[in-house]
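Since the structure comes first, as structure tokens, the remarks are kept for the end.
Just so it is clear: chains get the letters A, B, ... in the order the sequence lines come, proteins before strands, and each one is counted from 1.
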Amino acid sequence: KNEVEQSPQNLTAQEGEFITINCSYSVGISALHWLQQHPGGGIVSLFMLSSGKKKHGRLIATINIQEKHSSLHITASHPRDSAVYICAARSGGGADGLTFGKGTHLIIQP
Amino acid sequence: DAGVIQSPRHEVTEMGQEVTLRCKPISGHDYLFWYRQTMMRGLELLIYFNNNVPIDDSGMPEDRFSAKMPNASFSTLKIQPSEPRDSAVYFCASSLSTAGGLIQFFGPGTRLTVL
């Protein structure tokens, strides 16, 4: 079974700072997901990637397959970015369910 | 589209009672997932279906849990009998197996409290 580790567990930063959240996994994967869970509990899928880099607005996700590592970056962070960010690995070639990290609780202070 | 719909949003029940959680996936999606989230264990996959057929139920904690998908637009997760340790938020998610990949769309979750 894949083990998914995230760091840091908690992160508090000032508005405008560049944020990096890390994710490592133990077994080769077919895809890695980054999810955002809002304070109200809703979960939104941010990225799904299997190689390289993806960018959406101020969010950037990268993955290094050889090192079994992915990062989520937030540029020009804003208080509305405050949420729990969760990485999740999909191991199988099909649509296997996800194995989740414990999440990173991000607080952006104004 | 309304997104993934779950009901009820909140459920409070007493130990020993049967609990049924419901999910309506996004129309046209062929995969449906049930997840559970607790403070201690985070998010965990319970079971997933493809074209209404259960593919992997290895995450179902024990025989008290069962899930069905009688048609493409409806799934249930049942706990019988319920126990306090089943208290959690249960999420349903659906996805479409296109070449673009399998991004999962999550429902709002059902917060279950077993007293």
(message) Taking B:M69 as the starting point, is it possible to reach B:F105 by hopping between hydrophobic residues whose side chains are less than 4.5 Å apart?
(response) no
(request) Output the distance between atom CZ (B:F106) and atom CD (A:Q36), rounded to the nearest 0.5 Å. (result) 12.5 Å
(message) Taking atom CD as the centre, does A:E15 end up with more than 12 heavy-atom neighbours from other residues, nucleotides or ligands that are less than 6.0 angstrom away?
(response) yes
(message) Can you tell me which portion of B:M39 sits under 4.5 Å from chain A's heavy atoms? Options are side chain, backbone, both or neither.
(response) neither
(request) Kindly check if the number of other-residue, nucleotide or ligand heavy atoms within 6.0 Å of CD (B:E62) is above 12? (result) yes
(message) Run the side chain to side chain contact (heavy atoms under 4.5 Å, CB included) test on B:L43 and A:I43 for me, step by step, so that the C-alpha distance in whole Å, both residues' side-chain angles and the decisive distance to 0.1 Å come before the verdict.
(response) CA-CA 11 Å; B:L43 274 161; A:I43 296 176; 3.9 Å; yes
(request) For B:Y35 and A:L98, work out which heavy atoms get closest and say how close. (result) OH-N, 3.5 Å
(message) So which atom in B:E44 and which in A:F100 form the shortest heavy-atom distance, rounded to 0.1 Å?
(response) N-CD1, 4.3 Å
(request) Find out whether B:R41 and A:K102 are in side-chain contact, i.e. whether some heavy atom of one side chain is under 4.5 Å from a heavy atom of the other. (result) no
(request) Mind running side chain to side chain contact (heavy atoms under 4.5 Å, CB included) on A:M48 and B:Q104 for me, showing each step along the way? (result) CA-CA 9 Å; A:M48 186 187 70; B:Q104 296 186 18; over 6 Å; no
(message) Check this for me: B:R64, atom CZ, are more than 12 non-hydrogen atoms of other residues, nucleotides or ligands nearer than 6.0 Å?
(response) yes
(message) What part of B:F91 gets within 4.5 angstrom of chain A, counting heavy atoms only: side chain, backbone, both, or neither?
(response) side chain
(request) Kindly check if the number of other-residue, nucleotide or ligand heavy atoms within 6.0 Å of CG (B:D63) is above 12? (result) no
(message) Within the supplied structure, the quantity of interest is the number of heavy atoms (other residues, nucleotides, ligands) at a distance under 6.0 Å from A:Q9 CD; does it exceed 12?
(response) no
